[in-house]
K.L.:
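First, the structure itself, so that you have it in front of you.
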Amino acid sequence: MALWFNKESRSGLKLVSAPFGFSLLLLAVPLSLMVLLSFWTQDYLTLDRTLTLNNYREIGSHPVYALLMKRSVIISLMVTTITVALAFPMAYYISFYGGKRKALWLFLITIPFWTSYLLRIFMWKIILGYNGVLNSTLQGLSFIDEPLTFILYNSNAVVIALAHAWAPFAILPIFVALEKIDRSLLEAAHDLGDGPVRRFFRITLPLAAPGIIASALIIFIPTVGDYITPKMVGGTDGLMIANMIQVQFSKANNAPLGAALAVTSMVMVGLIALGFVFLNRRWLRRQA
Amino acid sequence: MAKSTESPMVEINAVSKSFGDVRAVDGVDAVIREGEFFSLLGPSGCGKTTLLRLISGFEHPDDGHIVIAGQNMDQVEPNHRPTNLVFQSYAIFPHLNVEENVAYGLKRNGVSKDEIAEQVNEMLTLVDLSGYNKRPAYALSGGQRQRVALARALIMKPKVLLLDEPLSALDRKLREQMQIELRGLQRTVGITFILVTHDQEEALTMSDRIAVMFDGNIAQLATPQELYSRPKTRRIASFIGVMNFVEGTLRKVTAKTLEVEAGPFGKVTMAPDQMPAPLEPGAVTVGIRPEMLTVLFSAKEKAEIEVTGVITNTAYFGDMTYYSVQIDGIDEDVTVSMRNTAGRRVLAVGEETRIGLGRESLIILS
Ligand SMILES: Nc1ncnc2c1ncn2[C@@H]1O[C@H](COP(=O)(O)OP(=O)(O)O)[C@@H](O)[C@H]1O
Ligand SMILES: [Mg+2]
């Protein structure tokens, strides 16, 4: 851990410095502008450039913002949990039992990406709707008398659609982490007396943890800010913070408040992401 | 040598194992005794690792049985066998430190923390790693990894310790040091060691007995001295050290003597034990080690059998000089090694010289 800047990493730094500068320009500049914007105010079309915390006060004083944020985080955490929980067995299967067909399996996983995301959401509408595929099937089989309504136009539908959309992204980092596990480590554990369950919890899982955390972050961070899914299948009680931000920038004509909301949710997501990473470290230590 | 007893520890009975078309282990029979340092020696791909994995339980025989400590292992998984394996790659758990690696196998059976700590320290002392308890796995050198792997296996108190080329990843100096340490360690703990190696020198210096393997078979199972001085076949002879070969004819075999026509060495009468594998009269190969041949520097020096040759190459090693000598009637140049004693000169390429040998230094090979 002490050798961060050996010769190799220095030449590596040189190599990444150009793209790094480029992304600094593309990321840091717009980001700073947005932070700046969040300290301004807007009255209809006139922008007042005096720096003020009014937008943040507004966010603090109206419970709707906190509610939306909380809901966004909860939906996202649910999506993350479900997606990772489903992705792990798939990644595990491909890595340990894929044999010569690993590449084929990974290829099959990308099939959902062949259609546009919008189309896929519409399909969920067809499946989950009042007269949709799921309800008519269940009714046809006489499992239910009335169509289920809790599966569309609420947060459940958002969770289902997002979990489905992000599954492939979750599988890959876990798969890579599992692939990297030297199989002789599992044999060594076997040799030292562990059965399959112990081997899994003492070797496979701790060594796959970085991949699992990466997966979780890859799912969690973008889904908190998703606005197309809640808009399409979320109804009113499935709306998330990004929908509010979008409203501020468009209909409400209050870009500074939208910017302040964006900054607030960014800070929150950042803190939670750090929490993930920290947990990962702690967990690895404890396993050790 | 001292500790091994006659009672069998590992019995390998007609064991075969194939991978697809490859017969990795092909009907091997061997008995490894309690407390002995046993080596499986052979070129890469001859089935050593497969045999070791059959003993440890990671592979199951297609045919035959393995018995360890009197118990048939047919249905026994690796985690329930009285064996432990030191992997060729060492397989140190990367997320654990030294102490946690060593304690890995103990942490299951409700052994108390104090007792684990005590045993770990004992093991670390044994492998000369005391004080390295908290060192993370990534901060270990090759030699240290090897010691951790040893300690981790030995702490399980196995009846048999299996080692798959444990020294091949180390540099020469460390390897030689570890050979001595490993042998010493085996004497200290008194456990049966089965070592896999492709390095004949390593096998010779460390083992009580050696099984030479070719193509999934044991070609010869013997002590190092026997293997070196009485190899059964030409292939074994050239795998273990250097051997010169002369095409010859076995004329007569009686209970007391062998009569051989040994090319330029002429007609030689030998003792029966100079033919390790019994052969019928006919064409044979006669072998002789380089150190059994002597350069006769002056006319005064005499030998039982003498031939003349021309030096074609010399290699000076300080303590020894190796000569390549061309002798009429022998296809390949003969290698002769001479100790560089005081006043003894080194012959030049092109010089003609007499070479002497004793008839008891010849071996008849199949
Ligand atoms: N898991 C396996 N699958 C297919 N072939 C194998 C496998 N393990 C070993 N072999 C083959 O069996 C033969 C013996 O291999 P091995 O026991 O590893 O030899 P050694 O350890 O003496 O180098 C080789 O030809 C090798 O390619
Ligand atoms: Mg091998």
Side-chain angles (χ1 to χ4, degrees), chain A residues 1-6 8-9 88 92 95-97 99-101 173-174 176-214 276-288, chain B residues 49 52-53 55-59 76-111 123 133-139 145 148-158 160-165:
Chain A
M1 285 296 197
L3 303 165
W4 280 119
F5 289 98
N6 57 21
E8 225 169 281
S9 51
F88 190 90
Y92 187 89
S95 177
F96 281 83
Y97 301 101
K100 293 189 185 108
R101 297 225 180 82
I174 299 176
V176 170
L178 290 172
E179 279 292 285
K180 278 205 315 202
I181 298 176
D182 183 351
R183 299 303 191 256
S184 68
L185 296 175
L186 292 166
E187 288 193 338
H190 197 179
D191 188 63
L192 293 166
D194 277 357
V197 177
R198 283 216 163 84
R199 292 202 291 278
F200 179 79
F201 283 105
R202 296 180 77 188
I203 307 292
T204 314
L205 202 54
L207 291 177
I212 296 172
I213 296 297
F276 270 107
V277 174
F278 181 69
L279 266 181
N280 181 30
R281 292 256 167 86
R282 282 288 294 271
W283 193 68
L284 274 183
R285 282 269 156 277
R286 199 156 44 81
Q287 284 303 301
Chain B
T49 297
L52 206 66
R53 289 173 63 82
I55 298 170
S56 59
F58 289 109
E59 306 287 355
V76 184
E77 284 291 296
N79 46 337
H80 296 121
R81 292 194 182 199
T83 59
N84 281 105
L85 181 55
V86 174
F87 288 77
Q88 185 163 8
S89 61
Y90 305 146
I92 302 298
F93 302 125
H95 55 306
L96 308 180
N97 64 24
V98 166
E99 152 183 291
E100 290 154 348
N101 261 285
V102 174
Y104 190 94
L106 288 186
K107 276 210 174 150
R108 208 175 26 257
N109 310 325
V111 187
M123 278 302 146
N133 300 47
K134 303 290 180 201
R135 187 70 69 98
Y138 65 78
R145 287 172 168 266
V148 173
L150 263 175
R152 186 177 72 180
L154 283 173
I155 205 169
M156 303 302 290
K157 306 228 163 20
V160 183
L161 186 73
L162 308 165
L163 307 108
D164 193 357
E165 312 227 9

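Order of the sequence lines fixes the chain letters, A, B, ..., with proteins taken first and strands second; residue numbering starts at 1 for each chain.
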K.L.:
What I'd like to find out is whether the side chain of B:Asn84 reaches to under 4.5 Å of the side chain of A:Leu192, using heavy atoms alone.
P.N.:
yes
K.L.:
Report which part of A:Asp182 has an atom under 4.5 Å of a heavy atom belonging to chain B: side chain, backbone, both, or neither.
P.N.:
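A:Asp182 touches chain B through side-chain heavy atoms alone.
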K.L.:
Might you point out which heavy atoms bring B:Phe58 and A:Glu187 nearest each other, and give the distance in Å?
P.N.:
CZ-O, 3.1 Å
K.L.:
Only pairs of heavy atoms separated by less than 4.5 Å count here; which of B:Pro94, B:Ala139, B:Ala149, B:Gly57 has the most with chain A?
P.N.:
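When all of B:Pro94, B:Ala139, B:Ala149, B:Gly57 are compared, B:Pro94 has the most.
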K.L.:
Got B:His95 and A:Ile203 here, is their nearest side-chain heavy-atom distance under 4.5 Å?
P.N.:
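Side chain of B:His95 against side chain of A:Ile203, heavy atoms only: contact under 4.5 Å found.
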K.L.:
Keeping the roles fixed (side chain from B:Arg81, backbone from A:Asp191), state whether a donor-acceptor pair exists under 3.5 Å.
P.N.:
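Looks like no, no N/O pair under 3.5 Å.
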K.L.:
Would a 4.5 Å heavy-atom cut-off, applied to side chains only, mark A:Leu207 and B:Phe93 as touching?
P.N.:
no
K.L.:
Within this structure, what is the CG-NE2 distance for the pair B:Leu85 and A:His190, rounded to the nearest 0.5 Å?
P.N.:
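The NE2 atom of A:His190 is 12.0 Å from CG of B:Leu85, to the nearest 0.5 Å.
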K.L.:
Using non-hydrogen atoms and a 4.5 Å limit, figure out which bit of B:Ile155 sits close to chain A: side chain, backbone, both or neither.
P.N.:
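Contact with chain A is absent: no heavy atom of B:Ile155 under 4.5 Å.
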K.L.:
Is the closest side-chain heavy-atom distance between A:Leu185 and B:Phe87 below 4.5 Å?
P.N.:
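A:Leu185 vs B:Phe87: side chains apart.
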